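What follows is one structure encoded as structure tokens, with my remarks underneath.
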Amino acid sequence: MKASINQTLIESGEKERLKEMLRNKLIECGWRDQLKAYCKEVVRRKGLKHVTVDDLVTEITPKGRELVPDDVKKELLHRIRAFLAQQKELTSDKIPY
Amino acid sequence: MVDSELLGMFDIENETPKSETRSPEEDVLEELVDELSLGLCIEMHRSCKIGMFKIEEEDDEALKDFKIVDQPGLDVFGQPPLKKHLECVCPSCHRNLAASRFAPHLAKCMGMGRNSSRLASKRLASNTGKLDSDEDDERDIDWTYALQPTRTRRMKKEKPVVTTLKKSKTAKFGKNGDIPSASSTNSDGSGNGASSVKVGSSGTPMYDTLSLEDRKRLLLTTCGVISEHTKKMCTKSLRCPQHTEEQRQSVRRYILGLETDDRVRVRPDGTVIDPDDIQVDIDTYEDGDGQALRDSLSRLRQYETSSSGNPSPTDSTSTTYSNDGQTKKRKKGPKLTQRKKKRPPPLRLVQSPGGHGDVTQYDIANG
């Protein structure tokens, strides 16, 4: 189910478009800067020499998720839904049942 | 309801639907966010390892310290405007000068500019007195070498040698692009004033090679004042505003009277006296040029063996001439080295009673 959605998104190129949109929105709303600041904090805590990508990912990913503003989230969800609905119409046209 | 529809749709496609706590859109969104934060993580990690992290961090702090000040009465650094006039140190006399006075001072101190050229030439003349005693030996060689073309310049055969010599020399220096053609017209004896000036412009000794008539013609058409620094003749018209009538006259006296001066100086004591006692320009030029002349000689040989097709007809004539001159030059090469060891030969040459015009280099080489 999840994999099939993913596949549709990737095949249609919508995923890239969504990602680009999300990136712009997150930069606009300051999410990136916030996360970067947090990143710096983590690096400082761990030490510049000893920090690894894994450390950063485990620390940053949850923080990144929670930092996403609600309105951005809402808009993205709306857009994904619209796309999926559109896809459904197309597929239902193709495959009559 | 939309969700259920979607689920239904994907149920058709996937036989085994998963029961998700979150809607698939959220999953997708989360995935996107994770990808972005992963990108950020990797970027940060890279900057850490590269060393950019440190720089950026310092930059942040530095930015606070060096924020642009935006207050009336202060400049962007937060300093009140000062009336500060720039000062320059003269490279010649090491004095501090206001920048506005620097250029006029340089003109006076270093002898640049029109009015000070005479002053500077005086100073140079006094300086070269002691230089002469130091480098007398070398100078002698150079001068005997330079004098020979003078003596033999009326020989038609010899002339092209001189001009091609000049050609190669000027080509080496790369001062004037159109020298070859100018020198060839000169060798034909039909060159107008301007072109022959160009030939001579790479050094005063060039005038030696011109006949008296040529010099007269040249000086009738051009200003001809020899610059203190470039050692070139002024090629402007007779009423050129850069030079005074006085300067022009002195140059004419010098150039037209140089020949007789040389003879007088050479004969009585039997030694070649450097004419730089009279004129500084020649001396300074020849001094550095002796080696260059010899270099150009060897270059000339190479050039003439290699050059078969010349673009301009005048050029080709001069090179054919110079072929028989070349044999003379070759004989001259070893002779020069001989002279370095013992001085008498050039003196004998100078004193020879046969008259200056008759003595060719060929004879000298044999004698």
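Keep in mind that the numbers below use all heavy atoms, side chains included, and drop hydrogens, waters and symmetry copies. This one's a predicted model, so the numbers in the text were calculated from it and none came from an experiment. In the text below, chain A, chain B and the rest are named by the order of the sequence lines, each starting its count at 1.
Between B/Glu30 and A/Lys73, no side-chain nitrogen of the basic residue sits less than 4.0 Å from a carboxylate oxygen of the acidic one, so the salt-bridge criterion is not met. Checked for salt-bridge contact, B/Glu26 and A/Arg81 miss the test: no charged N lies under 4.0 Å from a carboxylate O.
Contacts between A/Val51 and chain B at a heavy-atom distance below 4.5 Å involve backbone atoms as well as side-chain atoms. Residue B/Leu38 touches chain A through its side chain alone, counting heavy-atom pairs closer than 4.5 Å. Of the atoms belonging to A/Arg32, heavy atoms from both backbone and side chain fall under 4.5 Å from chain B.
Rounded to the nearest 0.5 Å, atoms CG (B/Leu40) and NZ (A/Lys63) are 13.0 Å apart. If you take SG on B/Cys48 and NZ on A/Lys40, they are separated by 10.0 Å, rounding to the nearest 0.5 Å. Rounding to the nearest 0.5 angstrom, the gap separating the CD atom in B/Glu35 from the NZ atom in A/Lys19 is 3.5 Å.
Residues A/Trp31 and B/Ser37 are in side-chain contact: their nearest non-hydrogen atoms beyond the backbone lie under 4.5 Å apart. Here the side chains of B/Leu32 and A/Lys15 are in contact, with some heavy-atom distance below 4.5 Å. With a 4.5 Å cut-off on side-chain heavy atoms, A/Asn6 and B/Glu31 count as touching.
Between B/Cys41 and A/Ile60, the shortest heavy-atom distance links the atoms SG-CB, 3.3 Å. Between B/Leu36 and A/Arg23, the closest heavy-atom pair is CD2-NH1, 3.5 Å.
Highest contact tally toward chain B, considering only A/Leu67, A/Val42, A/Leu48, is held by A/Leu48 [criterion: heavy-atom pairs under 4.5 Å]. Put simply, of A/Leu9, A/Leu22, A/Asp55, the one with the most heavy-atom pairs under 4.5 Å next to chain B is A/Leu22. Your options are A/Leu35, A/Leu18, A/Val68, A/Leu26, and the one with the most heavy-atom pairs under 4.5 Å with chain B is A/Leu35.
Formation of a donor-acceptor pair under 3.5 Å by the B/Lys49 side chain with backbone atoms of A/Lys49 is found in this model.
Counting non-hydrogen atoms of other residues, nucleotides and ligands closer than 6.0 Å to CZ of B/Arg46 gives a total of 12 or fewer.
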